[in-house]
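Following: one structure in structure tokens, then a few remarks.
In what follows, every heavy atom counts, from backbone to side chain, and hydrogens, waters and symmetry copies are set aside. Proteins come first, then strands; the chains are lettered A, B, ... in the order of their sequence lines, and each starts at number 1.
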Amino acid sequence: MITDIVRPNTVAEALRAKSMPGAAYLGGGTWLNAGGGPEPSILISLENLGLATIEVAEEGCTIGAAVSFQQLIDTAGVPGAVKAAARLTASRTLRNMQTVGGELGLCPADSALIPVLVALDAAVLLAGSRKPLPIGDFWVDKPDDLVLSVTIPEEGRTAAVRAVSRTSHSPRSLVVVAGAPGRNGGQACMVLSDCREECVVIREPELNRWPLPTREKIEEMVRAAFSPTADIHASAAYKRYVAAVLAADLLHGLAAGKVTA
Amino acid sequence: MKVSFTLNRLARTVTAEPGECLQVLLQRMGIPSVRSADDRDGFAGADTILFDGRAMLAGLMVAAQADGHSIETVESLLENGRLSALQGAMLDAGVVQSAYTSPASALLIEELLRRSPEPTEDEVRDALSGVFSRATGYRQFFQAVELARKRRTDPAFTIPIEEFRDDLRVVGKVRRRVDGVKLVAGMKAYVEDRVEQGSCVLVMLRSPHAHARIRGIDTAAALALPGVVAVITHLNCPDIMYTFAGQGYPEPSPYDFRMFSPVVRHVGDRVAAVVAEDAAIAAEAAGLIVVDYEVLPAVLSINDAMASGAPVVHGDQLERITCELSIGSDAKRNLAASASGAVGDVEKGFAEADAVVERSYTTSKVQCTPLESHVVYTRMDGDRLVIHASTQVPWHLRRIVGRILGIRENRIRVIKERMGGGYGSKQDILLEDVCAWATFTTGRSVFYKYTREEEFIAATTRHPIRYTVKMGAKKDGTLTAIQLTGDADTGAFGNHALTVPMNSCSKSLPLWRCANMAFDLRSWYTNVVSSGAYQGYGAPQGSFAVQMAAAELAATLGIDLLTFIRKNHVRQGDVLEILKSLGEGRPGEAVTVGSCGLDKALEEGAASIGWGVRGADSDPDVRVGKGVAFIQQGSGLPGLDQACANVKLLSDGTFMVLSGGSDLGTGLDTVLAKVTAETLCCDMDNVAVLTGDTDMTPFDKGAYASSGTFFTGNAVLKAAQALADRMIDMVAGILKEPREGVHLAHPGVVQGTKGSIAYAALAHRCSTGHGEGELMGSAAFVTHENAIPYGAHFCEVAVNARTGAIDVRRYHAVHDSGTPINPDLAMGQVYGGILKSIGHALYEEMIFDADGRCLTTGLADYGAPMIQELPRDVRVRLIQTDDAFGPFGGKSVAEISVNGAAPALAIAIHDAVGVWIRDWPLTPEKILSALGRF
């Protein structure tokens, strides 16, 4: 049962508050208040910490933890694939509430944003460490720390994301991200999530060469690496087949400049 | 804690628990418009507020979050107590129907227009992306936004909506619905708004097993919990068998249900009801009940049910099940109902055919998903029981509850409140019986509202039906025979077990001119949540099977499908002999088609969609195809049902309509006001309508079987005519002239050749000390005629042959609804039906695990379509036909509109990629599987 809410003005205050038993950070609150998980007794509001800003600079784009998904869409300079991942939350009303920090704190299995951040080589800045943590490591380790921001390096690269779900609002069965090699670095990659347990990152050298391997070859590559789990809306065989098709189409489309994020 | 925030421009400070749900807090603060429709999962948007100017969901926020912020609700939009231009625009565009999320929609549009005064269609879609509008189909929201936008600078701006019948003043014309103001303003209107302080709350403990015997149940700990008022189980409930189907008496459904049973028959079946001082106590007490189950083998499919040696779903109570009518039931072999019939000689017909196809089709279990879940509030008024209900059938509800409680009907009053959607599921008595019993035995007022999960595990659904259709035709396309065999899954109980499958025949076979037709139907008990009534009532399933078979037959013959349809479809004057066999437990009657607009509907639809012209796409993987289905429904149940009405002349010359009809958001009350105003030559605002109150209004069968306009409308028409006759007789007497020369004249006089008397003067004269008494016309409407609505649905889909993705690009529907009495609302009904049925065909599905547990207990999991699923190009066209039997030629409108999407889309998918998908939902995975992609 929630008995109190605190509104720290500094990160240090927030960290001290988190040390209280039953305390939890409150971003938009969409998952916290929906129930289903352990209910905290103390909410730590992040609204006074100045984390709701986006900085776009030459070296990259830094997104504060309290930035909402809708802010991502509305802010110029945010990479297109990040905007597209945010837009996959189909409800604008929910996008007004969901925050980047909330997504990273919860790491939902069907996240579209995190696979995109992986493809873009993003790094997460935590309150408890000076050095940003690569997003892939963050995703694996899920450190119990306050996320301050996530930075996407400017590598001149493009990426695209697609999701498979029964409807626009249904739980996702599949997220497929393709990243083209960047002008300023960064390797081509494919990130494949079955939105359950399996997430595979494929970074094969031949994906960085031109011409790209054929679509069929890329599909084979994906099918060899990706073993998704079925869910109520999609069989494993279907997921594997479609993941391969989408990944191949996205990579070729990015290479040809015919695919939008 | 003290929470201070700005609410609708006023500074407010309230005491709240920090974790109190903000939506609950707002309701507590007297804001009824912020509602809950999704158990706080963020899907439906009924709890939308503007939080610091941005749309957010109060159900996903806690009270403490509001501190220091600004909140706006729809109540803030009222301008000096009057509707804002935006709210007026919503009414004028016809988007306010069952309206549970109308306040949320108004807020979302308001927020959109603030940040984007000239919004694009994409922006409108995006703005409304967080609100579920099951009734409207969203299309008219674009008009509403346009209206609201233009009216900011031009308050008189209007949009052209086609009107009908130049010879009439209000019928066929666009008028605001009579209950529109309170709905779009978010005023108190629904059952939940009637709950008084101090009322109890009921929470139901439900079965975790598909089939189990309750060996023991210990309620002592629950009863000992402070605040618990009562616990009801099979040990202390009435020992009465009944059907919860709200059908006319005698019902064609078996009496196979007891309020609580010692055997549970599906996951979610009732085990115990806890009545307590509040919901938290009731929920805690429910958790303290200890139940000792003996798990029994379960029947989870039609195949299971019909297997030799299958477990018997009602094996413990076979001798107690009775049927009021002959419905072909044999519960000991899990057969809830069965029927067969024929005209002509199908074997002879098949022998005459040059081509015969025989195919099987399967439809899935889909949920009605009313935004306002099932809800009831019961209270005592002295020694009388009052039931505030969200029901389609107030009179059947009163009859059934009276029998269960063992009290006479004069001790029960049912008040049907505004309904936030029903679609058929509120034709069944799913919670009123137990709440009524709780109130009657404890004397306490009791409120019970289903959770969204309960809607999926304990509310009735569309019947899944497995058909085999055999159809034959000659080379020139002349149909020679149709044979339809159907096995339906009625679930745990037999409510509507006979009538839904029969309706699947009576709304699909009579569409065809064919001398030889036969059907054979069986409805099977399973240990799955019960099927029941759902808009279309079997017609969507039958339509899918028969129209698909026809398409496959036409393809086999190499005949264009539209040509095949045109050659064989029913026409005005045809006698529908097959209906003799489809009397629903009684002898049926052949019906002559009084009017039929199919020729025109098919012609206009084909021209609109560009039938015969193949669409193209720049992506070589995308194939484009077109489909068509033609459809019908009925208008009530001629020979079975009845509607009654009274129309009174009030003392100032205005009128009061008292009707038993149940407007479930469709605009029936507005139909009744128009019919009265037209008949009595007055303006519509001179007519008030009271419906669905069993104390105050006369009997009506209820809102089902597309009967509202035809039955209830005709009853009011007759009552108004009777009142007109009395007024004419009186004035003829006063003026001392023959009545033939006296008539009513707009705007409210009785005109004779020697003079005239205003309605008000006449009314006053009647109510004085020497008057004749209040003038009232009363009527009952029964008939053996039917006003059959028809329609043709065309669509174009683009299918990606690599991914299976289906894009419904265009959907054009043309409907013959006789005289569309409410053109704007009728269009909205059809738009709503189209999106709903696209949902059923492509997305929606109740999925169960191997133990019979429903895995899709939220609207998102289930696949309910939102505005993103609305095709870019959806058009509805109403064509007028002259029907002799409907009120001013009106036929039913809403129900038919769900019958076309599944076959039209499946046929279009075949046209695109060459595979027939014969079972719902038509998913990308099934297409790819049929294409052999994996």
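- The most heavy-atom pairs under 4.5 Å with chain A, out of B:Leu22, B:Asp849, B:Leu855, B:Leu928, come from B:Leu928.
- Here CD1 of B:Ile838 is found 13.5 Å from OG1 of A:Thr167. Values are rounded to the nearest 0.5 Å.
- Note on B:Asp126 versus A:Arg95: salt bridge recorded, some NZ/NE/NH1/NH2 to OD/OE distance being below 4.0 Å.
- Atom CZ in B:Phe934 sits 4.5 Å away from atom OG in A:Ser235 (nearest 0.5 Å).
- Side-chain contact between A:Arg166 and B:Glu845 is present, with heavy atoms from C-beta onward closer than 4.5 Å.
- Residue A:Glu216 qualifies as enclosed at atom CD: its count of foreign heavy atoms under 6.0 Å is above 12.
- Of the two parts of A:Ile232, the backbone and the side chain both hold a non-hydrogen atom closer than 4.5 Å to a non-hydrogen atom of chain B.
- Shortest non-hydrogen contact noted between A:Ser91 and B:Gly130 is OG-CA, 3.4 Å.
- Of the N and O atoms on the side chains of B:Gln868 and A:His169, at least one donor lies less than 3.5 Å from an acceptor on the other residue.
- Atom-to-atom distance recorded for A:Arg92:CZ and B:Glu123:CD is 8.5 Å, nearest 0.5 angstrom.
- With a 4.5 Å cut-off on non-hydrogen atoms, A:Arg223 does not touch chain B at all.
- Rounding to the nearest 0.5 Å gives a distance of 10.0 Å between OH of B:Tyr843 and OG of A:Ser165.
- With hydrogens and angles disregarded, a donor-acceptor distance shorter than 3.5 Å links the side chain of A:Ser170 to the backbone of B:Ala860.
- Between A:Arg87 and B:Asp122 there is no salt bridge, since no side-chain nitrogen of the basic residue lies less than 4.0 Å from a carboxylate oxygen of the acidic one.
- Under the 4.5 Å side-chain criterion, counting only non-hydrogen atoms from C-beta, B:Gln65 is not in contact with A:Glu47.
- Using a 4.5 Å cut-off between heavy atoms, A:Ser45 makes no contact with chain B at all.
- Put simply, NE2 on A:His233 and CD on B:Glu925 are 11.0 Å apart, with the number rounded to the nearest 0.5 Å.
- Counting heavy atoms from C-beta on, the side chains of A:Ile5 and B:Asp67 never come closer than 4.5 Å.
- Side-chain contact between B:Arg933 and A:Val245: absent, with no pair of heavy atoms (C-beta onward) separated by less than 4.5 Å.
- The shortest side-chain heavy-atom distance between A:Val164 and B:Thr803 does not fall under the 4.5 Å cut-off.
- Note that CD1 of A:Ile2 and CE of B:Met1 are 11.0 Å apart. Values are rounded to the nearest 0.5 Å.
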- salt bridge (charged side-chain N to carboxylate O under 4.0 Å, His left out) between A:Asp74 and B:Arg54: does it pass, once the steps are laid out? CA-CA 13 Å; A:Asp74 292 341; B:Arg54 285 179 296 159; over 6 Å; no
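- Without hydrogens or angle criteria, B:Ser129 side chain to A:Ala90 main chain gives a donor-acceptor distance under 3.5 Å.
- If you measure heavy-atom distances from A:Asp4 to chain B, the contacts under 4.5 Å come from the backbone alone.
- Counting heavy-atom pairs closer than 4.5 Å to chain A, the top residue among B:Glu844, B:Glu17, B:Arg115, B:Met866 is B:Arg115.
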